[in-house]
Amino acid sequence: MADNRLIVALDVHSMTDVHTLIERLGDSVSYYKVGMELFYRVGTEVLTYLHDQKKSIFLDLKLHDIPNTVAEGLCSLINLHADMLNVHASGGYEMMRISVERVHEKAAQDGIPTPKLIAVTILTSIGSDDWKEMGFSQEIRKQVIRFASLAKKAGMDGVVASPQEAAAIREACGPDFLIVTPGIRPAGADINDQSRIATPSAALQNGASHLVVGRPIRAAKDPKAAAEAIIREMERV
Ligand code: C5P
C-alpha cells in the first residue's frame, strides 16, 4: 500500500510515541520525516530504529550557518542513515555549493549512498502579511523561485516549498528536481499554523514530488486510515 512520495512528519516527543505511531501506520507508510522537535530530544536512536524498520528517512534539521559550518554539519550527519537532509536556501549559493561538494566527497569516502540534499525556500507557515512585516517587498512566490533556481545552480537535488509554488518551481527547475511540499491539508482538515496550503492531489498536480504530512495523519482518530485515504487520493492523480 505504501507510496514513497508520502512522507509522514514524526513530530512527537519520545521513542514510545515513535513506536506507537510506526506500529499503527505499519506497511501503509514507508517514509518518515524526523525534525528538530524529536531529534533534539531522542537523538540518533530514532534514526537507527527507522533504519532497522526499513523505513526511508528525511532528517529535517534545516541547517543555516556559514558555508563551512553547514557543510561540516551535514558531513557529521551523513552516517545516520538519512536518505534526505536539508539546509535553508537563505544561507546563500556558496553555502549550498560547498555543502553539495563536501557531502558527495564524504559519502564516497565512507562508501555509503549520497543522501539527497534539499533547500528550504520560504517556510509554508509564512503568509504575505508576515513576509511584509519582515521587511521584504518582493512577492513571496518570486523569492521562492529565486531560491529554488539558486539551489539548483548550487547542485542541490531539490527544495522544500509550499504546494502553491510547486508549479512555478517545476517549470523553472525541470522534471528531475525534487519538490517536497509540507502544508498539505486534505479537504476539510484543520489548517493549524500552516498558511500556503493545498490538498494532496492539488500538490501533486502542481508538480510536487513528495508530500510531507504531519497533523492530518498523526492527530486523526485512525492514523492508518487517514494515511491510506491520502495515498488513494495521490494515486488518482
Ligand atoms: O503537521 P503538519 O502537516 O503541518 O507538518 C508539517 C511538517 O513540515 C512539520 O514537521 C514542519 O516542521 C515541516 N515543514 C513545514 N514547512 C516548511 C518546511 C518544513 O511545515 N517549509
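Counting starts at 1 for both ligands and their atoms, following the listed order. Numbering starts at 1 and runs along the sequence shown. Since the model is a prediction, treat every value here as computed from it, not as a measurement.
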**Study point:** Within residues 68-96 or reaching into it, pairs that qualify as ring pair (Phe, Tyr, Trp, His ring centres under 6.0 Å) - sequence neighbours excluded
**Key:** His51-His81, His64-His88
For [atom], which protein heavy atom lies nearest, and how many Å away is it?
{"atom": "atom 17 (C) of ligand 1", "value": "Pro182 CG, 3.5 Å"}
{"atom": "atom 3 (O) of ligand 1", "value": "Gly214 N, 2.8 Å"}
{"atom": "atom 2 (P) of ligand 1", "value": "Arg185 NH2, 3.5 Å"}
{"atom": "atom 6 (C) of ligand 1", "value": "Gln194 NE2, 3.6 Å"}
{"atom": "atom 9 (C) of ligand 1", "value": "Asp11 OD2, 3.3 Å"}

Check your understanding: Is Arg97 salt-bridged to Glu101, cutoff N-O under 4.0 Å?
Key -> yes
Review point. Just heavy atoms, cut-off under 4.0 Å: does Pro216 contact ligand 1 by side chain, backbone, both, or neither?
Key: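 Only the side chain of Pro216 comes within reach of ligand 1.
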Check your understanding: Going through the distances and angles, do His19 and Tyr49 end up as a ring pair (Phe, Tyr, Trp, His ring centres under 6.0 Å)?
Key -> CA-CA 9 Å; His19 295 152; Tyr49 171 74; 4.5 Å; yes
Does [X], backbone or side chain, put an N or O under 3.5 Å from an N or O of ligand 1?
{"X": "Thr124", "result": "yes"}
{"X": "Val160", "result": "no"}
{"X": "Arg218", "result": "no"}

Practice item. Please identify which atoms of ligand 1 are closer than 4.0 Å to at least one heavy atom of Leu123. Key: 17 (C), 21 (N)
Exercise for review: Report, in ascending order of atom number, the atoms of ligand 1 lying under 4.0 Å from any heavy atom of Val212.
Suggested key: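 Near Val212, the atoms of ligand 1 are 7 (C), 8 (O).
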Check your understanding: Would you say Asn192 touches ligand 1, if touching means a heavy atom closer than 4.0 Å?
Key ->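 Checking ligand 1 against Asn192, which is what was asked, there is no heavy-atom contact under 4.0 Å.
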Review point. So, does Gly183 sit close enough to ligand 1 that a heavy atom of it is under 4.0 Å from the ligand?
Key: no
Exercise for review: Verify the neighbour count for atom CD of Glu171: are there more than 12 heavy atoms of other residues, nucleotides or ligands below 6.0 Å?
Suggested key: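 Open: at most 12 neighbouring heavy atoms sit under 6.0 Å from CD of Glu171.
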**Study point:** More than 12 heavy atoms of other groups within 6.0 Å of Asp52 CG
**Key:**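 It does: Asp52 CG has more than 12 such atoms within range.
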Exercise for review: Give a yes or no on whether the backbone of Gly207 and the side-chain of Arg170 come within a donor-acceptor separation of less than 3.5 Å.
Suggested key: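 Yes: the side chain of Arg170 pairs with the backbone of Gly207.
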Revision key, fill the gap. Nearest heavy atom to atom 18 (C) of ligand 1, choosing from Arg196, Lys33, Arg215, Lys62, belongs to Lys62
Revision key, fill the gap. Test side chain to side chain contact (heavy atoms under 4.5 Å, CB included), reference Ile184, set Pro200, Ser162, Pro216, output is Pro200
Practice item. Report yes or no: do Asp193 and Ser125 form a side-chain donor-acceptor pair below 3.5 Å? Key: no
Practice item. Scan for side chain to side chain donor-acceptor pair (under 3.5 Å) pairs involving residues 219-237, sequence neighbours excluded, and state none if there are none. Key: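 Those involving residues 219-237 are Ser201-Glu233.
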